[in-house]
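Heads up: the structure comes next, in structure tokens.
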Amino acid sequence: MSEVNFELNSARAGCTQFDVDLPAYLEGEDRPGIARHASECGFCAAVLGDLELIRSQSHDFLFDDPPARVWANVRATLVAEGFFRTPKVGWLKRLPSWGQIDWVRQAVPLGATACLALIAAALMVSPGSINQNRISQSYSEEAAVSAAGLPLNESMDVDPSLAQSVSAMEKSYREHEKFLDPAVQASYRKGLQSLDDSIRQCRDSVRKEPTDTVAREYLTSAYEQKASVLFAALEYDGR
Amino acid sequence: MSSEKNVTTKAASDSQLIARAQSGDEQAFAALFEAHKRRVYSLCLRMTGNVAEAEDLTQEAFLQLFRKIGTFRGESAFSTWLHRLVVNVVLMHLRKKGLQQVSLDETDTSLEEPVKRDYGDEDRRLIGSIDRITLARAIGKLPPGYRAVFVLHDMEGYEHNEIAGILNCSVGNSKSQLHKARMKLREALRESRAPGDLAEGPPGAALAETSSHHEER
């Protein structure tokens with residue numbers, strides 16, 4: 001009986017020491033008594049085995065994916081806070097410092113506005129002050145370049161109906177322009193030339209990066225502005 | 001060698017993305033989110049034990065990251081920087097909730113508490129691998145303070161001195177909380193298992209027969 005009690009007390013002491021040493025042992029410290037006691041005590045061996053299993057399983061724990069709405073919310077907040085800047089395309093790349101200014105990104109509509117302003121100014125200029133022959137010849141040459149630069153088959157990067165309309169209007173305008181006042185012709189020429197440059201640059205950007213939606217939007221916008229200018233020119237009867 | 005190469009490539013990739021994100025490139029923001037979302041969300045999920053809170057905190061952590069990204073100068077690894085930020089976001093959240101368990105003050109007496117010994121089942125142990133859902137559930141049931149230490153140490157690989165710095169407690173306190181967390185996890189995992197999922201202890205355990213006579217401590 002006393003032998004059993006001695007064994008039991010001895011086991012309790014071993015378990016107590018095991019409990020004390022276990023955290024340090026699991027931290028990698030040298031505690032020879034742990035392994036020795038575990039080989040003698042089923043309960044403590046089970047504790048040790050379980051804790052080692054939990055530690056290894058936790059370390060290899062797989063990661064979870066957050067739902068898609070998390071990025072959607074993050075993005076929406078960043079957009080609202082104005083974090084994103086539109087990548088520069090075409091002509092904006094050539095104006096690195098100006099490209100940082102928001103209004104420069106609106107250069108296409110600004111160009112069209114400037115074009116209309118030039119037309120208005122031209123209407124107030126004396127028709128005799130500009131050499132009509134030189135202007136007519138000049139725009140005829142540039143119109144040919146423009147037609148060569150923006151034929152229908154090169155306008156596939158925008159809505160084909162828009163491209164066809166612009167092309168048809170441009171053809172009509174070339175026939176119509178000779179009846180215009182030279183100063184008006186010069187103004188239209190300047191405006192159209194500017195828009196053609198924008199179209200060309202946007203189109204180059206789209207072809208380099210077909211997924212660049214911003215460049216594509218600018219391209220469409222430039223075509224629309226050109227259509228507006230051509231329409232205004234065809235409507236103009238102050239010859 | 002290959003893993004070293006991967007780490008280098010990843011760091012270079014991160015650094016390019018960071019530079020682009022710092023200039024406001026949306027695609028770079030999206031790529032950074034994509035690259036780190038799992039780690040961030042998992043950390044939030046483990047530390048809170050709640051899916052909805054983890055989503056909110058992931059969102060908050062990335063927003064803070066992107067708002068501060070202009071100040072990142074590369075003195076530390078980006079992932080380390082991000083990790084610290086996420087841990088801070090989660091801890092701030094837990095403290096705001098006023099959960100007393102988050103406090104790891106020096107009055108902790110965890111080491112004084114004995115291992116709970118469930119006699120009659122003392123020689124049975126968890127077997128094989130623990131499935132991740134059961135483990136995740138058990139971690140989620142831990143008190144927040146224990147959970148934080150456990151997640152940071154056993155899952156995220158932080159050292160106790162780092163955890164002590166993050167949680168503003170002593171190293172000894174971090175160690176004791178970790179041990180207590182592990183013991184609670186064990187208890188939860190054993191409770192979640194059917195008797196057939198528990199195995200007999202190692203054969204030859206001399207005192208296994210007598211352990212049923214131990215008094216519960």
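Small disclaimer: the values here were computed from a predicted structure and weren't measured. We name chains A, B, ... by the order of the sequence lines, and we start the count at 1 in each one.
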(message) Donor-acceptor pair, distance only, cut-off 3.5 Å: does the side chain of N73(A) make one with the backbone of R69(A)?
(response) yes
(request) Determine yes or no for a side-chain-to-main-chain donor-acceptor pair under 3.5 angstrom, with R182(B) supplying the side chain and L51(A) the backbone. (result)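 No; zero donor-acceptor contacts below 3.5 Å.
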(message) Among H179(B), Q177(B), K180(B), which residue satisfies the side-chain hydrogen bond (donor to acceptor under 3.5 Å, both in side chains) criterion with Y146(B)?
(response)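 Checked H179(B), Q177(B), K180(B) against Y146(B); only one passes side-chain hydrogen bond (donor to acceptor under 3.5 Å, both in side chains): K180(B).
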(request) Go through Q59(B), E34(B), R39(B), M155(B) and name the one with the most non-hydrogen pairs under 4.5 angstrom from chain A. (result)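 The residue among Q59(B), E34(B), R39(B), M155(B) with the greatest pair count is Q59(B).
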For [X], is it the side chain, the backbone, both, or neither that has a heavy atom closer than 4.5 Å to a heavy atom of chain A?
{"X": "L43(B)", "answer": "neither"}
{"X": "A138(B)", "answer": "neither"}
{"X": "A54(B)", "answer": "neither"}
{"X": "F33(B)", "answer": "side chain"}
{"X": "R67(B)", "answer": "both"}

(message) Quick check: F83(A) with F66(B) (ring centres under 6.0 Å apart)?
(response) no
(message) Is the shortest side-chain heavy-atom distance between I69(B) and L32(B) below 4.5 Å?
(response)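 Contact flag for I69(B)/L32(B) side chains = yes.
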(request) Between chain B and each of V70(A), V79(A), D65(A), count heavy-atom pairs under 4.5 Å; write down the option with the most. (result)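 Of V70(A), V79(A), D65(A), D65(A) has the most heavy-atom pairs under 4.5 Å with chain B.
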